[in-house]
Peer 1: 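The structure that follows is given in the form of structure tokens.
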Amino acid sequence: MKLNFAYPVTGAQKMIDIDDEKKLRIFYEKRMSQEVKGDGLGDEFKGYVFKITGGNDKQGFPMKQGVLVPGRVRLLLSKGHSCYRPRRTGERKRKSVRGCIVGADIAALSLVVVKQGEQDIPGLTDVQIPKRLGPKRANKIRKMFNLTKEDDVRKYVIRREVPNKKEEGKVTSKAPKIQRLVTPLTLQRKRHLKAIKVKGAQASREAAAEYANLLALRLKEKKEKKHEAHLKRRLSSTRKSHTQ
């Protein structure tokens, strides 16, 4: 079984191939997200605690969290499920996945070092891999360099060097586009949108007042017409009574 160790503190990963069944028994019948003591793997792992994060069986099917079986099952998966990526909107598909309980049929197991032991593991805990990318959001850059709102964030963006493929020896640098950066243009856009909103609200209020006035006028005209018709009817009825 291949064991893929990851140590988030240093950012390093290391894969070790272990064929001894006795050493691997400490992982059997354990579920994903469970913590396992590494003393059974050997003296170099004494004091280490590992967390099981996933794995694949010998046919390459991935382990799925929540499937409490030590074998393979077929599940109807949709968007949002792990082990499945929909190609079309609303698509569902029945896929084969491996249960989350570790067994002898697992070919590769992913582990994360939760607690470091007595000795360093060469290539895992004794190396420090620098982060490839720096922060992108403006507030996170400020937090990293302890900046104030008056400081220009654009001067503190972490750039990375990229070798030029066309011209050998030439190196160019790349920087991420800063997100949530407040510039005069964004403030102008915000003021413009607010002005449009205020203008629209004012226009709707004026239209509502105009409609109310028109409605009152129509009601008044309707009342007057009704009153005139009533007067005509009364006048005609009095004339008829006089002639009789």
Side-chain angles (χ1 to χ4, degrees), residues 1-18 44-45 48 50-65 77 79-91 93 95 97-98 106-114 116 119-193:
M1 187 189 288
K2 291 179 181 177
L3 300 178
N4 188 14
F5 297 98
Y7 192 39
V9 176
T10 60
Q13 289 188 1
K14 187 176 183 180
M15 193 187 73
I16 300 171
D17 204 344
I18 298 175
E44 65 269 25
F45 296 100
Y48 278 86
F50 302 112
K51 184 181 178 182
I52 301 168
T53 56
N56 295 80
D57 66 3
K58 289 175 182 176
Q59 285 74 36
F61 292 97
M63 293 173 71
K64 183 170 172 60
Q65 179 70 285
L77 304 176
K79 187 183 177 182
H81 288 108
S82 59
C83 308
Y84 175 65
R85 181 171 63 88
R87 267 62 172 183
R88 300 176 68 184
T89 306
E91 184 185 48
K93 206 168 188 179
K95 303 280 285 184
V97 291
R98 175 60 171 71
I106 296 293
L109 196 66
S110 299
L111 304 167
V112 172
V113 179
V114 177
Q116 192 176 351
Q119 301 177 15
D120 277 331
I121 300 171
L124 186 68
T125 58
D126 60 348
V127 294
Q128 186 71 39
I129 297 173
K131 286 185 176 180
R132 182 174 156 270
L133 302 173
K136 193 175 182 183
R137 194 183 297 175
N139 280 341
K140 290 191 175 178
I141 297 169
R142 287 193 189 100
K143 189 179 179 182
M144 188 177 186
F145 294 102
N146 198 18
L147 305 174
T148 60
K149 286 190 176 180
E150 286 73 31
D151 295 320
D152 191 3
V153 182
R154 290 169 288 190
K155 293 177 183 176
Y156 295 89
V157 182
I158 297 172
R159 304 183 73 88
R160 61 187 179 93
E161 293 184 348
V162 181
N164 199 324
K165 292 180 181 178
K166 293 181 181 178
E167 299 177 26
E168 291 184 4
K170 191 177 180 182
V171 177
T172 56
S173 65
K174 277 187 176 181
K177 184 186 176 185
I178 302 170
Q179 301 295 315
R180 302 187 187 180
L181 181 67
V182 179
T183 60
L185 187 66
T186 56
L187 292 171
Q188 183 187 353
R189 191 179 293 119
K190 194 175 180 181
R191 285 195 300 270
H192 176 64
L193 292 171

Peer 1: What is the distance from atom CD of Glu150 to atom OG1 of Thr148, rounded to the nearest 0.5 Å?
Peer 2: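 Between atom CD of Glu150 and atom OG1 of Thr148 there are 4.5 Å.
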Peer 1: Looking only at non-hydrogen atoms, find the nearest pair between Gly54 and Met63 and report the distance.
Peer 2: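 The answer is C-SD, 3.8 Å.
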Peer 1: When rounded to the nearest 0.5 angstrom, what is the spacing between CD1 in Ile18 and NZ in Lys2?
Peer 2: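 It is 13.0 Å, given to the nearest 0.5 Å.
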Peer 1: About how many Å separate CZ of Arg180 and NZ of Lys136, when rounded to the nearest 0.5 Å?
Peer 2: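 If I round to the nearest 0.5 Å, the distance is 11.5 Å.
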Peer 1: Counting heavy atoms not belonging to Gln59, are there more than 12 under 6.0 Å from its CD?
Peer 2: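 Atom CD in Gln59 is crowded, with more than 12 foreign heavy atoms closer than 6.0 Å.
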Peer 1: Do the side chain of Thr10 and the main chain of Leu124 share a donor and acceptor less than 3.5 angstrom apart?
Peer 2: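 Pair found, side chain donor or acceptor close to backbone of Leu124.
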Peer 1: Of Leu111, Val113, Val112, Val127, which meets side-chain contact (heavy atoms from CB on, under 4.5 Å) against Tyr7?
Peer 2: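 Single pass found, and it is Val113.
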Peer 1: Side chain to side chain contact (heavy atoms under 4.5 Å, CB included) with Lys166: which residues, sequence neighbours excluded?
Peer 2: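 Here the qualifying residues are Asn164.
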Peer 1: Kindly say whether Pro86 contributes a backbone atom to a donor-acceptor pair with the side chain of Arg88 at under 3.5 angstrom?
Peer 2: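 Not a single qualifying donor-acceptor pair exists.
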Peer 1: Within the 4.5 Å heavy-atom criterion, are Asn56 and Arg98 side-chain neighbours or not?
Peer 2: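 Answer no - side chains too far apart.
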Peer 1: So which heavy atom on Gln128 is nearest to which on Val9, and how close?
Peer 2: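 Nearest heavy atoms, Gln128 then Val9: NE2-O, 3.6 Å.
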Peer 1: Indicate the atoms forming the closest heavy-atom contact of Met1 with Ala108, along with that distance.
Peer 2: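 Result for this residue pair: CG-N, 4.5 Å.
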Peer 1: What heavy-atom pair brings Pro176 and Ile158 nearest, and what distance separates the two atoms?
Peer 2: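 Heavy atoms only, the tightest pair is CD-O, 3.7 Å.
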Peer 1: Closest approach of Glu44 and Ile121, non-hydrogen atoms and distance?
Peer 2: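 Looks like O-CG1, 4.4 Å.
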Peer 1: Please round to the nearest 0.5 Å and tell me the distance separating atom OG1 of Thr172 and atom CD of Glu161.
Peer 2: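 Output value for this atom pair is 9.0 Å.
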Peer 1: With a 4.5 Å cut-off on side-chain heavy atoms, are Arg154 and Ile178 touching?
Peer 2: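 Side-chain contact under 4.5 Å: yes.
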Peer 1: Measuring from Leu3:CG to Phe50:CZ, what's the distance to the nearest 0.5 Å?
Peer 2: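 Rounded to the nearest 0.5 Å, the CG-CZ separation comes out at 8.5 Å.
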Peer 1: Could you tell me how the ring of Phe45 sits relative to the ring of Tyr48: parallel (under 30°), tilted (30 to 60°) or perpendicular (over 60°)?
Peer 2: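 It falls in the perpendicular class, over 60°.
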Peer 1: Between Thr53 and Ser110 (side chain of the first, backbone of the second, donor and acceptor by atom type, cut-off under 3.5 Å), is there such a pair?
Peer 2: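 Yes, the answer is positive, given that a donor and an acceptor are paired below the 3.5 Å cut-off.
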Peer 1: Please walk me through it: do Lys155 and Phe145 pass side chain to side chain contact (heavy atoms under 4.5 Å, CB included)?
Peer 2: CA-CA 11 Å; Lys155 293 177 183 176; Phe145 294 102; over 6 Å; no
Peer 1: Starting from the C-alpha separation in whole Å, work towards a yes-or-no answer on side chain to side chain contact (heavy atoms under 4.5 Å, CB included) for Thr186 and Leu181.
Peer 2: CA-CA 8 Å; Thr186 56; Leu181 181 67; over 6 Å; no
Peer 1: What distance do Lys93 atom NZ and Leu77 atom CG have between them, rounded to the nearest 0.5 Å?
Peer 2: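 Going from the NZ atom of Lys93 to the CG atom of Leu77 covers 10.5 Å.
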Peer 1: Heavy atoms only: give me the nearest Leu147-Ile141 pair and the separation to one decimal.
Peer 2: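 Here Leu147 and Ile141 meet closest at CD1-O, 4.3 Å.
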Peer 1: So, Asp120 and Thr125: side-chain donor and acceptor under 3.5 Å apart, yes or no?
Peer 2: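 Asp120 vs Thr125: donor-acceptor pair found between side chains.
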Peer 1: Taking everything shown except Lys14 itself, do over 12 heavy atoms lie less than 6.0 Å from its NZ?
Peer 2: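 Yes - once you tally the heavy atoms of other residues, nucleotides and ligands closer than 6.0 Å, there are more than 12.
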